[in-house]
Amino acid sequence: MTDMTEETLQFEYDGRHVPFAKIVAVNAIYQLLTAMIFRFWARTRERKYLWSHVRLGDDRLEYTGTGLELFLGFLIVLGVILFPVIGGFTLVMILFGDNPVVFGVVYALYILVIVFLMYVAIYRARRYRLTRTLWRGIRGTLTGSSVRYAFVAMGYTLLVMATLGLASPVMRIGLVRREIENMHLGNRPFTFHGKIGDLFRLWILPWLSLPLLLGVLFMSGAYDSPAFNPAAEGGGPPKMTGGVAAATLFAYLLTILAMSWYRVAEFRYLASSVGFEGMRFSSALGFGRVFWIYLSSYLLIFGCFILFFMALMGVFVGLVGWEIFAAAANNDVDPETIAAGMDQQRIAAVFVLFGFIFAVGSHVLNRVLVFHRMAHAVVTSLALSGTQDFSKVAQALDEAPKLGEGLADAFDLGDF
Amino acid sequence: MTDNGTINGEPQPPPTPDGYAGRYADGETATVHDVRLGLAGDGIHIYDAAGGPMAVWSYDDLRIVEKPVAGRPVRLRNLAQDLARLEIADHAVLGELHGLAPQIHNIGARDPVARKRVAFWIAVMFALFGGGWFTLANSAPVIAAMMPMSMEERMGRTAIEQVTLIFGGWKGSDELTCRDEAGERALEAMTLRLKAVDESEYEFKVRVLDIPIPNAFAAPGGYIVIFDGLLDLAESPDEVAGVLAHEMTHVTHRHATANMVRSIGLQAFIIPLLTGGTMTSDVMTGIGQMAVQASYSRDAEADADKGAVEMMNAAGLKAASFTELLSRIEEKYGIGSDEGGEDAEGDGSLFSIPDMLSTHPSTPDRARLVREAAAPGGEAGLTDEQWSALKSICAATGE
């Protein structure tokens with residue numbers, strides 16, 4: 001294969017739901033059995049599957065991380081950060097928790113520290129994952145300081161809060177630029193060409209749904225208070241109340257739709273703003289597709305839940321007998337009758353078993369129906385276009401972090 | 001594709017009789033080369049398209065990257081050069097490699113070196129955490145004894161707030177304290193009578209909260225809280241006094257304090273380990289909850305019973321009656337195991353209430369021991385007037 005061709009390289013994903021579901025299910029079961037200690041290996045197994053089914057051109061990605069790296073990363077963070085922070089704050093809380101002023105101040109400080117550490121965790125976790133990603137034998141890397149990133153991110157967060165979210169594009173472009181320009185494949189950096197103005201143009205309309213929602217909420221809340229509406233004492237005329245409820249529901253739905261649409265549009269824009277070695281990425285991800293994935297997934301999950309619940313009830317009735325079940329359903333609850341009719345240990349066993357099935361099942365369904373489908377959609381929407389010239393790309397000489405993601409695990413940050 | 005390869009009419013002698021084709025990334029540049037391979041005695045020889053030698057991968061360092069998938073090339077790596085990769089489309093190469101390099105499948109869970117390392121660190125983790133928790137749990141009483149009173153009192157106040165919030169529907173203790181004057185005076189009279197026979201330096205701060213659950217809590221530093229529900233079920237003042245004496249003993253023997261220390265250990269060591277240390281605000285608000293709801297051990301309870309009886313005897317009060325109050329509560333709320341006897345650390349029905357009753361299975365032993373230790377006779381402790389004042393201490397509070 002020659003190295004200099006003008007073309008569009010399409011990202012492909014050929015992972016399938018069934019094999020992936022098997023991995024997720026086994027992961028879930030093992031995690032439950034090992035009190036979650038297995039989670040490091042679970043994450044590694046999932047990532048290995050996902051990465052190895054992503055192809056760009058003729059070459060697949062490979063995830064070279066190990067569960068042990070994640071596990072050790074976690075232990076270190078536990079000892080170096082978590083214990084001192086939790087221990088310190090616990091002590092302060094116990095000693096001064098009776099004083100509401102101190103309580104408030106300490107709590108606020110605690111939140112600040114947590115948010116700060118979260119941003120550090122995100123950056124470090126990205127670095128770990130990039131350095132464990134291999135393509136054509138070259139691994140990725142993320143340079144730059146995670147601490148500086150966290151400070152910048154906190155600053156942006158305050159700005160966004162102060163502008164009621166209007167300044168979000170500023171934060172987004174600022175942070176994404178920082179990440180992308182520090183991101184490398186081997187020794188060659190990615191480039192970022194996004195502009196705040198472009199993103200803002202996408203953001204302004206969806207953002208308007210927020211003040212609209214706030215306004216509706218305020219109105220509906222105010223509507224119910226006697227100070228605002230003398231008729232509210234008795235609940236107000238029914239059709240007006242219905243109208244207010246409808247308006248509130250509408251405002252919520254509008255906000256959700258607007259925000260979802262924006263996230264997809266933002267993703268497309270950001271993808272098209274990233275370049276590498278003169279080529280440019282692009283994404284063809286459509287909102288309709290994303291919407292359908294979520295809608296159909298939740299409908300399916302809801303259906304499964306109904307079936308599950310019916311099965312549970314069936315078993316319960318089988319164990320307890322119809323009369324007691326009917327009485328309990330009618331809230332005709334006499335504790336002694338119920339207690340007498342129940343074989344407590346059997347009931348407990350049934351609940352434990354169903355609880356287990358529910359935990360594993362809902363996790364698998366969610367991961368496969370929502371996450372996996374989205375991953376497939378996102379990956380296959382991506383392409384890299386331009387004059388392909390990877391001749392300058394060589395292995396980076398700097399050391400990759402040996403251990404990974406302890407902080408991110410501590411904050412349960414999941415995928416990002 | 002094991003063809004004998006002619007390219008452009010020029011005969012290309014295969015490096016060795018088995019000429020597999022592959023794709024080779026050398027881990028130094030992003031170029032992927034089309035290569036031909038020869039399986040020699042020492043390893044895989046990699047040749048470029050023109051037949052020039054590129055690299056040799058020794059069998060010892062050879063590993064597969066992942067389990068081979070049908071329809072996809074086999075991917076191999078080289079331990080000596082970690083990021084280089086070799087892809088071979090023809091799975092038949094594996095058959096040959098099995099004989100030459102059987103260890104290529106020792107990846108992941110099959111890798112003995114990795115297995116040992118994982119086992120080692122997991123053992124370290126258990127040792128550290130188990131050790132830390134064990135040490136803290138056993139040194140909790142010592143730590144509690146060394147704590148200055150001011151610290152204990154602060155802990156106690158926090159605990160009381162948390163308990164009130166949990167049971168009182170998120171109202172604070174200020175809102176829920178019953179402040180009827182006559183009732184408060186009666187309560188004080190009872191408290192003073194017991195304090196008079198107590199040799200510790202604790203100042204007992206007792207209050208009644210307007211909560212309909214029959215329960216009582218002792219918090220570090222001398223804070224004791226009695227719920228109105230308990231007063232409702234009590235039939236005579238000595239029953240309440242007995243409960244009060246029981247809680248006072250928990251205070252003076254620092255059971256509550258030791259419990260809080262222990263549960264800090266639990267929070268700090270075990271929970272982060274298991275849940276991945278999710279540092280949510282639950283950690284913070286859960287502190288008081290955990291601390292106070294941690295049930296006392298059977299020894300602590302027996303100790304408190306003994307102390308209660310001694311106090312009641314010394315104060316000249318009827319010592320054994322509070323066990324009857326407990327039985328009444330248990331009957332009403334169905335706690336304790338049906339089998340009675342030895343077991344049940346608070347297991348039982350779904351209606352268990354912590355502290356007072358969670359590790360108080362109604363063993364006949366316990367009541368018997370109390371009755372045996374009780375001095376005969378003894379007063380009720382309050383006049384009829386005081387008693388009815390106390391019973392109605394919460395009448396004016398709340399809705």
Side-chain angles (χ1 to χ4, degrees), chain A residues 1 3 35-37 39 41 45 48 52 58-60 62 64 66-68 71-72 74-75 77-79 82-83 85-87 89-91 93-99 103 106-107 110-111 114 117 134-139 185-186 188 335-336 339 344 390-395 409-412, chain B residues 23-34 65-66 69 72 75 77 82-85 87 108-109 114 117-118 121-122 124-125 128-129 151 153-162 260 264 267-269 272-281 283-284 287-288 291 334 338 349-351:
Chain A
M1 143 167 338
D3 265 321
M36 299 308 285
I37 295 183
R39 63 183 180 276
W41 290 268
R45 290 177 74 226
K48 277 188 148 60
S52 69
D58 283 335
D59 303 289
R60 292 175 178 270
E62 181 190 327
T64 63
T66 67
L68 185 62
F71 178 56
L72 291 181
F74 164 68
L75 282 189
V77 164
L78 212 55
L82 284 197
F83 285 166
V85 174
I86 295 186
F89 276 106
T90 305
L91 235 69
M93 294 300 294
I94 291 215
L95 294 182
F96 300 104
D98 57 316
N99 180 337
F103 191 101
V106 170
Y107 198 73
Y110 181 74
I111 299 289
I114 295 299
L117 287 177
L134 204 66
W135 185 71
R136 287 191 176 180
I138 306 293
R139 63 173 171 77
L185 177 66
R188 303 294 294 169
E336 273 135 32
Q344 291 215 355
F390 294 129
S391 56
K392 294 210 200 81
V393 180
Q395 197 70 265
D409 173 77
F411 290 111
D412 208 16
Chain B
R23 300 179 71 234
Y24 174 62
D26 59 10
E28 279 161 25
T29 69
T31 314
V32 180
H33 309 271
D34 289 316
V65 169
E66 66 215 348
V69 176
R72 282 164 54 171
R75 301 193 70 214
R77 58 188 273 241
D82 209 36
L83 298 174
R85 293 291 185 269
E87 276 188 6
R117 290 181 70 203
V118 171
W121 284 109
I122 293 196
V124 165
M125 177 189 82
L128 281 178
F129 286 88
M151 199 182 281
E153 284 181 343
R154 286 211 210 100
M155 284 171 71
R157 281 197 291 272
T158 308
I160 294 293
E161 282 311 309
Q162 293 289 333
M260 272 184 103
I264 294 174
Q267 293 256 344
F269 282 104
L273 173 69
L274 296 184
T275 66
T278 33
M279 298 171 67
T280 61
S281 56
V283 167
M284 306 306 292
I287 290 167
D338 292 325
S349 82
L350 306 167
F351 305 104

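Only a predicted model underlies this, so the values are computations on that prediction, with no experimental measurement involved. A note on names: the letters A, B, ... follow the listed sequences, proteins ahead of strands, and every chain is numbered from 1.
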Could B:Arg23 and A:Asp59 be called an ion pair, given the rule that one side-chain N must be under 4.0 Å from one carboxylate O? yes

A:Gln395 (side chain) donor-acceptor with B:Thr29 (main chain) under 3.5 angstrom: no

Can you tell which part of A:Trp135 gets under 4.5 Å to a heavy atom of chain B, answering side chain, backbone, both or neither? neither

When rounded to the nearest 0.5 angstrom, what distance separates CZ in B:Arg72 from CD in B:Glu87? 9.0 Å

Measure A:Leu185 against the heavy atoms of chain B and call it side chain, backbone, both or neither at under 4.5 Å. neither

May I ask you to decide if A:Leu68's main-chain N or O and B:Trp121's side chain share a donor-acceptor pair within less than 3.5 Å? no

Between B:Val69 and chain A, which part of the residue has a heavy atom less than 4.5 Å away: side chain, backbone, both or neither? neither

Between B:Glu66, B:Arg117, B:Arg77, B:His33, the one whose heavy-atom pairs under 4.5 Å with chain A are most numerous: B:Arg117

Nearest heavy-atom approach of B:Gly108 to B:Ala114 is O-CB, 4.1 Å

Can you say whether A:Thr64 sits under 4.5 Å from chain B via the side chain, the backbone, both, or neither, judging by heavy atoms? side chain

